Amino acid sequence: KGPLVGANWITIGDAAGAIEALTQLVACDAAPGDARARLAKLLEQAGSFDDLAQRLLEWRAPLPAGSPEALRLDLRRAQILRDRLDRRAEAACVEREILSQQRGSQEARDGLEASLRASGDLAGLAEHLASRETYEADPQVRAALAIERAALFEQLPDGQERARLALEQ
C-alpha cells in the first residue's frame, strides 16, 4: 500500500490530494523510508516551496547538529529559500549556521556566496571572500579575491580605507 499512496492521486491530477495522502503517510510511525523524499518531490512539482521549506525545517529539527542527514536537509532548505522563494538573507543564515558546524562544507560555502551575491549584501560578501582567502592555496586566486573584496568595499559608505587594507594584505 505504501508505495502507491499519493500515486493514484497524481494520476487523476489531484496534486493536493496526493500531498495530503503523503503528509498523512509521513506522519505514521510505519511510513516507508522514502515517504519524505516523495512528499518533498511532490511539493516541489506543485510549486509549494513555502510548504517544502517548512517541512525541511521540521524534519531537520530532531536531528543532531552536524549529522549527514541534517546537512543534506539544511543545504536543500537553503537552496529552496534562495532559488525559489527569493529569501536570500534567510538562506545565507542557514548556510552560515552550517559553516559554523562544518567549516569544510564546500557546498555551504558556495551556497553562502550565491546567497550573498543574490541578496546584494556587499559587506557580507566581502567578509565571506576574506574567509575564502584563508582556504585558498593558489596565490593568484587569493589576489583575485582580495581585488574583488576591495571593489566591494569601495561600493560601501566609508569603505575606502577597508578597500585599501584589502589590497595591502
Side-chain angles (χ1 to χ4, degrees), residues 15 19 22-23 26 34 36-169:
I19 289 170
L22 283 169
T23 297
V26 165
D34 69 338
R36 284 182 175 179
R38 290 176 23 226
L39 177 56
K41 181 178 179 181
L42 184 57
L43 288 168
E44 187 166 7
Q45 289 172 342
S48 299
F49 299 110
D50 276 315
D51 193 9
L52 178 55
Q54 182 60 38
R55 288 175 195 265
L56 291 169
L57 180 62
E58 290 168 6
W59 297 339
R60 162 63 178 91
L63 300 174
S67 71
E69 182 65 6
L71 175 63
R72 187 186 69 74
L73 291 170
D74 285 342
L75 288 169
R76 182 71 179 117
R77 182 167 164 260
Q79 180 189 29
I80 295 291
L81 291 168
R82 178 184 58 251
D83 299 339
R84 299 299 188 154
L85 296 173
D86 293 329
R87 290 165 36 192
R88 297 167 183 124
E90 190 176 346
C93 287
V94 172
E95 291 151 344
R96 281 186 178 113
E97 180 62 29
I98 293 168
L99 289 170
S100 75
Q101 298 167 12
Q102 298 190 10
R103 296 201 48 83
S105 174
Q106 184 64 45
E107 194 172 351
R109 278 200 299 272
D110 292 345
L112 177 57
E113 187 168 332
S115 295
L116 294 169
R117 285 185 189 284
S119 70
D121 181 354
L122 301 181
L125 180 56
E127 178 185 314
H128 175 69
L129 294 177
S131 165
R132 268 191 58 201
E133 283 181 57
T134 64
Y135 289 97
E136 185 55 57
D138 185 337
Q140 289 182 324
V141 173
R142 282 196 315 269
L145 290 170
I147 291 169
E148 185 176 0
R149 275 191 321 123
L152 291 168
F153 284 135
E154 286 181 343
Q155 297 176 50
L156 297 173
D158 302 323
Q160 297 299 319
E161 179 63 17
R162 291 171 74 186
R164 185 184 64 72
L165 291 173
L167 291 174
E168 289 178 358
Q169 293 177 349

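What you see is a predicted model, and the numbers here were worked out from it, not measured in a lab.
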In this structure, are over 12 heavy atoms from other groups packed under 6.0 Å from Gln106 atom CD? yes
Any donor-acceptor pair under 3.5 Å linking the side chain of Arg142 with the backbone of Ala137? yes
Heavy atoms only: give me the nearest Ala92-Leu116 pair and the separation to one decimal. CB-CD2, 4.2 Å
Any side-chain heavy-atom pair of Gln45 and Leu42 under 4.5 Å: yes
Is the shortest distance from a Lys or Arg side-chain nitrogen in Arg87 or Asp50 to a carboxylate oxygen in the other one below 4.0 Å? yes
Do Glu113 and Ser131 have side chains that approach each other closer than 4.5 Å (heavy atoms only, starting at C-beta)? no
Indicate yes or no: at least one non-hydrogen side-chain atom of Glu69 is less than 4.5 angstrom from one of Trp59. no
Could you tell me whether a side-chain N or O of Glu136 sits under 3.5 Å from a main-chain N or O of Asp138, the two making a donor and an acceptor? yes
In terms of heavy-atom contacts, Ser115 and Ala91 come closest through OG-CB, 3.5 Å
Can you tell me how far CZ of Arg36 sits from CG of Leu56, rounded to the nearest 0.5 angstrom? 10.0 Å
Flag the pair Asp86 / Arg88 as yes when at least one side-chain heavy-atom distance between them is below 4.5 Å, and no otherwise. yes
Roughly how far apart are Arg55 CZ and Leu43 CG, rounded to 0.5 Å? 5.5 Å
Once rounded to the nearest 0.5 Å, what's the spacing between atom CD1 of Ile80 and atom CG of Asp51? 11.5 Å
Sub-3.5 Å donor-acceptor pair from the side chain of Arg60 to the main-chain atoms of Leu63, do we have one? yes
Looking at side-chain heavy atoms only, is the closest gap between Arg77 and Glu90 below 4.5 Å? yes
To the nearest 0.5 Å, what is the distance between CG (Leu75) and OG (Ser105)? 5.0 Å
Is it the case that more than 12 heavy atoms not belonging to Gln101 sit under 6.0 Å from its CD atom? yes
Determine whether more than 12 heavy atoms belonging to other residues, nucleotides or ligands lie under 6.0 Å from atom CZ of Arg117. yes
Just to verify, which of Gln79, Arg109, Arg82, His128 counts as forming a side chain to side chain donor-acceptor pair (under 3.5 Å) with Glu95? Arg82
Rounded to the nearest 0.5 angstrom, the CG-CD distance for Leu99 and Glu107 is 11.0 Å
Going through the checks in order, is the side chain to side chain contact (heavy atoms under 4.5 Å, CB included) test met by Glu97 and Asp74? CA-CA 9 Å; Glu97 180 62 29; Asp74 285 342; 5.8 Å; no
Search all heavy atoms of Pro64 against all heavy atoms of Ala70 and return the closest pair with its distance. O-CB, 3.6 Å
Is the shortest side-chain N to carboxylate O distance from Arg76 to Glu44 below 4.0 Å? yes
Inter-residue atom distance Leu112.CG - Leu125.CG, 0.5 Å rounding: 8.5 Å
